Amino acid sequence: MQPGLGLRQDRYSPRIERFFVLNPDLADACLAMPYFETRARAAKYATLFRLPRLLSDPDPAVRAMAVLRLPAAQAMACRHDPDRAVRIAVAHRLPAPDLAPLCDDADPAVRAVVARRAEPGLLPLLLSDPDPEVRALVAARIGEAWLDRFVLDADPLVRRAAARRRPGPFAADPDFRVRHAVAETAGPDILRRLMGDGEDIIRETAAARLAEEESTDAG
């Protein structure tokens, strides 16, 4: 039987994966198989010099696998691919200093990968991202000098992410989830202010943490 011929009719991905785990030397011969899943799994094990042509494969799963394995310079060529799965693969493949071109990607899932991987100096480019998940990721990693910029953010989960790192400016936030993050991370002066908060959980958290702080100081 021709190498991999049986995979043409097999639609069970783990079985295809197992085939290439056991027969990685047959991957090159399967890169032109008609079923996209077979080509994608073969690309995971094929020799690198056979992969560049897969960057124009009609299926995004195949293109994405090629992007993840090829050198970053070749992956960059796919940053405008029409499928977000391929562009997400590009965002994972590029070195952190080279992610700036993806900060303007149309898909928030791509920008979220950038927010997780980019060097902190690049993150100000995403401060005003339209997606709150991306802004929250930025707030969790950006330099502390930028955190005050999130005080007026429209999304409380973004403000909460910033409050966990720099609680002071968020102590009077209108959302109890943000103030609770402050109560979990703030120092004694702010904790004493939160003892008068209108929410029971904020007062209880502040009191518990203040007791811990005072116990530590006494010890």
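Everything numeric here is computed off the predicted structure, so don't read it as measured data. Residue numbers count from 1 along this sequence.
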Honestly curious: do Val182 and Phe150 fall in one hydrophobic cluster under the side-chain, below-4.5 Å linking rule?
yes
In Å and rounded to the nearest 0.5 Å, what is the SG to CZ distance from Cys30 to Arg41?
13.5 Å
If only atom types and distance count, is the side chain of Asp131 paired as donor or acceptor with the main-chain N or O of Val134 below 3.5 Å?
yes
Nearest 0.5 Å, please: how far is CG in Leu210 from CG in Leu194?
10.0 Å
So, Asp28 side chain and Thr47 main chain: donor-acceptor pair closer than 3.5 Å or not?
yes
Answer yes when Asp153 and Arg159 have at least one side-chain N-carboxylate O distance shorter than 4.0 Å, and no when they do not.
no
Applying side-chain contact (heavy atoms from CB on, under 4.5 Å) to Ile142 and Leu127, what does each step give before you reach the verdict?
CA-CA 9 Å; Ile142 200 168; Leu127 272 173; 3.8 Å; yes
Under 6.0 Å from the CZ atom of Arg84, do we count more than 12 heavy atoms belonging to anything else shown?
no
So if you build clusters from Ile, Leu, Val, Met, Phe, Trp, Tyr with side-chain heavy-atom gaps below 4.5 Å, do Leu26 and Val21 land together?
yes
Met76 CE to Asp98 CG distance, which is reported to the nearest 0.5 Å
5.5 Å
Please walk me through it: do Leu54 and Leu31 pass side-chain contact (heavy atoms from CB on, under 4.5 Å)?
CA-CA 8 Å; Leu54 297 183; Leu31 292 175; 3.8 Å; yes
Answer yes or no: is there an ion pair linking Arg209 with Glu213, defined by an N-O contact shorter than 4.0 Å?
yes
Treating Ile, Leu, Val, Met, Phe, Trp and Tyr as nodes and any side-chain heavy-atom pair under 4.5 angstrom as an edge, say whether Leu51 and Leu68 lie in one connected cluster.
no
Quick check for you: to the nearest 0.5 Å, what is the distance between Arg165 atom CZ and Thr185 atom OG1?
11.5 Å
For Ile202 against Ala183, the heavy-atom pair lying closest together
O-CB, 4.2 Å
Distance-only, no hydrogens or angles: does the Arg39 side chain make a donor-acceptor pair with backbone N or O of Val62 under 3.5 Å?
no
Does any part of the side chain of Leu123, heavy atoms only, come nearer than 4.5 Å to the side chain of Trp146, both counted from C-beta?
no
Quick check for you: to the nearest 0.5 Å, what is the distance between Asp59 atom CG and Arg63 atom CZ?
7.0 Å
Assess the residue pair Arg166 and Asp148 against the criterion (side-chain contact (heavy atoms from CB on, under 4.5 Å)); give the C-alpha distance rounded to whole Å, side-chain angles, the decisive distance to 0.1 Å, and a yes or no.
CA-CA 8 Å; Arg166 185 173 166 81; Asp148 287 2; 2.7 Å; yes
For Asp83 and Asp81, the nearest pair of non-hydrogen atoms, with its separation, is N-OD1, 2.8 Å
Is it true that Arg116 and Glu133 have a side-chain N and a carboxylate O under 4.0 angstrom from each other?
yes
Linked, directly or transitively: Leu70 and Val86 (ILVMFWY side chains, under 4.5 Å)
yes
Run the salt bridge (charged side-chain N to carboxylate O under 4.0 Å, His left out) test against Arg53 and tell me which residues pass, sequence neighbours left out.
none
Determine, for Asp197 against Arg179, whether the closest basic-nitrogen to carboxylate-oxygen distance falls under 4.0 angstrom.
yes
Is Phe36 close to Asp57 at the side-chain level, that is, under 4.5 Å between some pair of heavy atoms?
no
Do Glu17 and Lys44 have side chains that get closer than 4.5 Å, going by heavy atoms?
yes
Taking Ala43's backbone N and O only, do any of them form a donor-acceptor pair with Arg69's side chain (distance below 3.5 Å, no angle check)?
yes
Examine distances only and state if a side-chain atom of Arg193 and a backbone atom of Ala171 form a donor-acceptor pair shorter than 3.5 Å.
no
What one should report as the nearest heavy-atom pair of Asp105 and Arg79 is OD2-O, 4.2 Å
Nearest non-hydrogen partners of Tyr45 and Phe20, listed with the distance
CD1-CB, 3.4 Å
For Leu102 versus Arg111, what's the shortest heavy-atom pair and its separation?
O-CG, 3.9 Å
Compare every heavy atom of Val151 with every heavy atom of Pro169, then report the nearest pair and how far apart it is.
CB-CG2, 3.7 Å
Once you round to the nearest 0.5 Å, how far does CE of Met195 lie from CD1 of Ile190?
14.5 Å
Start with the C-alpha distance between His92 and Arg117, add both sets of side-chain angles, then the distance that settles side-chain contact (heavy atoms from CB on, under 4.5 Å), and finish with yes or no.
CA-CA 8 Å; His92 280 293; Arg117 294 195 59 238; 4.2 Å; yes
